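From a predicted model like this one, the values you see are computed outputs, not experimental measurements.
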Amino acid sequence: MKIENKNQGLIILGFLVLFVAIVTVASYLPFVGVKNAPNQETYTNHDEQINATDTKAVTNKTYNFFATFKDGVPLNENVFTDLTYQHFNNDFLVNTLPNEKDKLFGIYGYGKLTHSFTTMEGLQEEGGISSFEIVDVQKDNVNRTITTYVRMDALELNEVHWIEWRDIPEEGWKINAVSFDGNIEALSVPISPKQQF
């Protein structure tokens, strides 16, 4: 191929430089991680014991979380999104939620706590929990987790669900795993063993 003038040569050279830059950046991206995202497998703090203040904070968070799903409370994707960003840990929000959001918001996730019905405006969703109470609190000082067990009347009567809360540096108490996990592996593997009810 013969280049007719200098301008054509400079344009081709510019495209080659741009191509090399794009390939270099694209090959570097897989090695760039999210900074400050905690590694949930390795964080332990043996110096601090879980105290009454921690337990009270987690039980309040649990009540607030499930109150969102009380019978008759209107729900939609915006409510689910706000709830998730308020209570779940940053590692889950950044690395898992973007690809698994439909599962968490679906019938095996939040759908276990809601009921749907059809109106003139279309399909509507609202909270499906008529009553709930925290029946047990399990503390794990080694891994800094608190699991709350909640008995409820929702789609099934007298059903028990659990939430494993973890004390994460710079985040506080956030959800690490749940029994209504939406078949999402990251939520279905708790750090602490769970009781059977």
Just one of T148, V178, N60, L83 clears the side-chain contact (heavy atoms from CB on, under 4.5 Å) bar with F65, so which one? L83
Donor-acceptor pair, distance only, cut-off 3.5 Å: does the side chain of [X] make one with the backbone of [Y]?
{"X": "N89", "Y": "I175", "result": "yes"}
{"X": "E171", "Y": "N90", "result": "yes"}
{"X": "Q138", "Y": "P193", "result": "yes"}
{"X": "E164", "Y": "I191", "result": "yes"}
{"X": "S130", "Y": "D153", "result": "yes"}

Inter-residue atom distance [X].[atom1] - [Y].[atom2], 0.5 Å rounding:
{"X": "D71", "Y": "T114", "atom1": "CG", "atom2": "OG1", "answer": "11.0 Å"}
{"X": "I146", "Y": "D167", "atom1": "CD1", "atom2": "CG", "answer": "8.0 Å"}
{"X": "H161", "Y": "F180", "atom1": "NE2", "atom2": "CZ", "answer": "7.0 Å"}
{"X": "F88", "Y": "R166", "atom1": "CZ", "atom2": "CZ", "answer": "15.5 Å"}

If two hydrophobic side chains count as joined below 4.5 Å and joins carry through other members, does Y85 share a cluster with I184?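 Yes.
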Same apolar cluster (I L V M F W Y, side chains within < 4.5 Å links), I163/I50: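 I163 and I50: one cluster.
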Mind checking whether [X] and [Y] have side chains closer than 4.5 Å, heavy atoms only?
{"X": "W173", "Y": "R144", "value": "yes"}
{"X": "L104", "Y": "L187", "value": "yes"}
{"X": "T81", "Y": "F105", "value": "yes"}

If the plane angle is over 60° it's perpendicular, under 30° parallel, otherwise tilted; pick one for F69 and Y110. tilted
Whether H87 and W165 hold their rings parallel, tilted or perpendicular, with breakpoints at 30° and 60°: perpendicular
Q195, K194, K139 screened by side-chain hydrogen bond (donor to acceptor under 3.5 Å, both in side chains) with T147, the one that passes: K194
Tell me every residue that passes side-chain contact (heavy atoms from CB on, under 4.5 Å) with T53, counting only those two or more places apart in sequence or in another chain. N51
Are any of the side-chain nitrogens in D91 or K174 under 4.0 Å away from the carboxylate oxygens of its partner?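 Not counted as a salt bridge, because no side-chain N and carboxylate O are separated by less than 4.0 Å.
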Determine whether more than 12 heavy atoms belonging to other residues, nucleotides or ligands lie under 6.0 Å from atom CZ of F197. yes
Please report, to 0.1 Å, the donor-acceptor pairs under 3.5 Å made by any side chain of residues 72-80, with sequence neighbours excluded.
from, atom 1, to, atom 2, distance (Å)
N76, OD1, N78, N, 2.9
N76, OD1, V79, N, 3.0
E77, OE2, K101, NZ, 2.7

